[in-house]
Amino acid sequence: MSTPTDHLASQLELPVQGMTCASCANRIERRLNKLDGVEATVNYATEKAAVRFDPDTVSPDELVEAVEAAGYRATLPATPGTPPTPEAQDDDPSRALRVRLIGSALLSVPLLLISMIPALQFEYWQWLALQLATPVVFWAGWPFHRVAWLNLRHGTASMDTLISVGTLAAWAWSVAALFFLGAGESGMKMGFDLVLDRSAATDHIYLEAAGVVTTLILAGRYFETRAKRRAGAALHALMALGAKDATILNADGSERLVPIEQLQTGDRFVVRPGERIATDGTVTDGHSAVDESLLTGESVPVEKAPGDTVVGASINAGGRLVVEATRVGSDTALAQIARLVEDAQTGKAPVQRLADRISGIFVPIVLVLAVATLGFWLGDGSSVAYAFSAAVAVLIIACPCALGLATPTALLVGTGRGAQLGLLIKGPEVLESTRRVDTIVLDKTGTVTTGQMRLITVVPAAGEDPDHVLRVVGALEAASEHPVARAIATAARNAAPEGLLPLEGFENREGLGVQGIVDGHAVVAGRPTLLQEWAMPLEDDLHRQLEEQQAQGRTVIAAGWDGQVRALLVVADTPKDSSREAIAALKGLGLRPVLLTGDNAATAHAVAREVGIDEVIADVLPAEKAQVVRRLQDEGRVVAMVGDGVNDAPALAQSDLGLAIGTGTDVAIEASDLTLVSGDLRGAADAIRLSRRTLRTIRGNLFWAFAYNVVLIPVAIAGLLNPILAGAAMALSSVFVLTNSLRLRSFRTQRTT
């Protein structure tokens, strides 16, 4: 096998179907890397193979053939780097599993009842049990058997091998007992006597074990498959944020609406108030405030004038704009963020399940021990029935019921309890990261802060009534759509139930402020430079207050009328009421909080001081957020990221643990590992606590699932454990796993309010 070098020029992402565990991804990865000039990484979580290859040595079709030669399916994307759409998928694995699960459950319930309750065992009931169990084992359990056969062909083993061997062994023994060992005769009963002599060991069947094990593990596989199908949804949600149409401005001044795909570089298009900007470009005509928070995280819209650049998918919050397209399609900022999300997800290796790691050597050992047990007792002169019973006991005691239940039951109970508390855990692969995390990076806008501008205070000039000032300025600002103006107007309405004062002659001074006639006064509100135009300079005390407030990162509006500055109105995006408590809780978990924001350093440090964060990283562009997370990881930290906007999606995907605020954007939620539905940052600490407790439960389940094997397999080999006792031990291990998992229902939050 050649070693890929830096000359590899092409890169391709292959969607792969058919993987059921991490060992499948490893098998495909090894097969691809055997090709000359290929360097491949297969991600089981995202179901993709990221391949760098030399196009002079190997073709994309050969890459697909290599995946198919390993026993899986791969398809070429429409264009390199383009994520596959849901419509491009040939089928939905969860749909087929759902059908198998429903059918299996309908057959397994009566099978379990008649097999374990003697009062229900009518004459020849065992033959009905065979008819109920056979379709469950072979039809419902076919996905396990198919992968087990694939594993056998490649000389490997996985959870599917354990499931297949266990269920087939129980079914095969039962069939042999029914047809050849007397279990099919009239009057056959299965009681709860677990102590059998050698001659009586042949008249028991284990069809209920085969059927119920198949059903329970099929249920776990179904929920796991549904979760994995959402792995690529972040990219689709991200691209869906872009505009679908654009209004192109023709040379003669007429307008025409075209699909966004037809927009070309150099085209001039119109963006009306409230519309989403179609693509990246430069403003050629008009003035407006543009809300870029989806892409930049900035809470305050940015004033745009001719010559300024705008970003596709941002929202025009003010006047009419004419924009000349400078970048379209895959070159836009939105598309670049999508690629960042895709790259971060591809490079994020999934946590390999403990059961899969151990089963690689566990299954072959159990099979060898079963064969050796059969041979030993035959050589010892024991009867064939007894030797076979001992061998089957070895297989049944190793049946993977508890192993299969260990993760899905704890996960289902833990995530169910989390859903009740507004905490969504996306899958078991998330849990390992919560244990190791030592640093938590928090986006500022919408995560630590409310994400909405609010009037903080009114600083009146000498002799002025702040309530009267607010009522006058609020009436003026109510005519503006700017977020700062809305914050002042809202505060004025709340302070004056009788309503706002009448307004006449409103005028918006782009980038400076507003002016108009309120209650007979010519009122001006905005930047101090606008008031200076009206010969209303700030007095020394107000100027000092202005500098102090701006030093804290707050937005300050000066207001005046009748030739005099009357007050300063201070507006800011304030921390959420729960943020300080949330930071304290995160520190209590041993985490080091870091505030990460695109805002300026003064604003960031002011917020950090208020909520109790010591480390601040400010003035960070959207594309740089993932780089900051990567830099922290390079320093040896295990990083969690909390965010809510599109600009946070790459960092959420890059982090070892991504937590999304549920009140944020869909793409941030899809790119994360945990979602805080309520938007309360205190949920981050609760989510990490719940995840860590769920992980401990899973590990405890797996320990005991293997422990009873370690103890009882030697007993079975010694011929002291008949298959009934083996089945009972298997059932007890399952009951323990379920009971241990149900303890998660007692989880409580630690919030003070």
Can you tell me how far [atom2] of [Y] sits from [atom1] of [X], rounded to the nearest 0.5 angstrom?
X	Y	atom1	atom2	value
F53	L63	CZ	CG	5.5 Å
L632	I617	CG	CD1	5.5 Å
L659	I440	CG	CD1	5.5 Å
D438	L589	CG	CG	12.5 Å
R436	R637	CZ	CZ	15.5 Å
R693	L690	CZ	CG	8.0 Å

Determine yes or no for a side-chain-to-main-chain donor-acceptor pair under 3.5 angstrom, with [X] supplying the side chain and [Y] the backbone.
X	Y	value
K587	G612	yes
Q633	Q654	yes
T449	K444	yes
R689	R748	yes

Above 12 or not: heavy atoms from other molecules or residues under 6.0 Å from CZ of R631?
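More than 12 within 6.0 Å, yes.
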
Decide if atom CG of D634 counts as having more than 12 heavy atoms of other residues, nucleotides or ligands within a radius under 6.0 Å.
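Correct, the count exceeds 12.
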
So do the side chains of T749 and R682 get within less than 4.5 Å of each other, counting heavy atoms only?
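No - every pair of side-chain heavy atoms lies 4.5 Å or more apart.
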
Beyond-backbone contact of L442 with V611, side-chain heavy atoms, under 4.5 angstrom:
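Sidechains of V611 and L442: no contact.
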
Smallest separation among heavy atoms of A640 and V437, with atom names
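Taking every non-hydrogen atom into account, CB-CG1, 3.8 Å.
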
K576 versus T450, closest heavy-atom pair with distance:
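Distance-wise, the nearest heavy atoms are CG-N, 3.9 Å.
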
Does the side chain of R30 pick up a donor-acceptor pair with the side chain of N33 at under 3.5 Å?
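The answer is no; no qualifying pair exists.
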
Test salt bridge (charged side-chain N to carboxylate O under 4.0 Å, His left out) on E635 and R592; report intermediate values, then the result.
CA-CA 14 Å; E635 294 173 0; R592 177 180 176 182; over 6 Å; no

Going by side-chain contact (heavy atoms from CB on, under 4.5 Å), name the residues that satisfy it together with A584, two or more places apart in sequence or in a different chain.
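Testing A584 for side-chain contact (heavy atoms from CB on, under 4.5 Å), a comparison that skips the adjacent residues, returns none.
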
Using the side-chain contact (heavy atoms from CB on, under 4.5 Å) rule, pick out the option among T447, V594, V628 that qualifies with V441.
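Going through the options one by one, the only one that passes is V594.
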
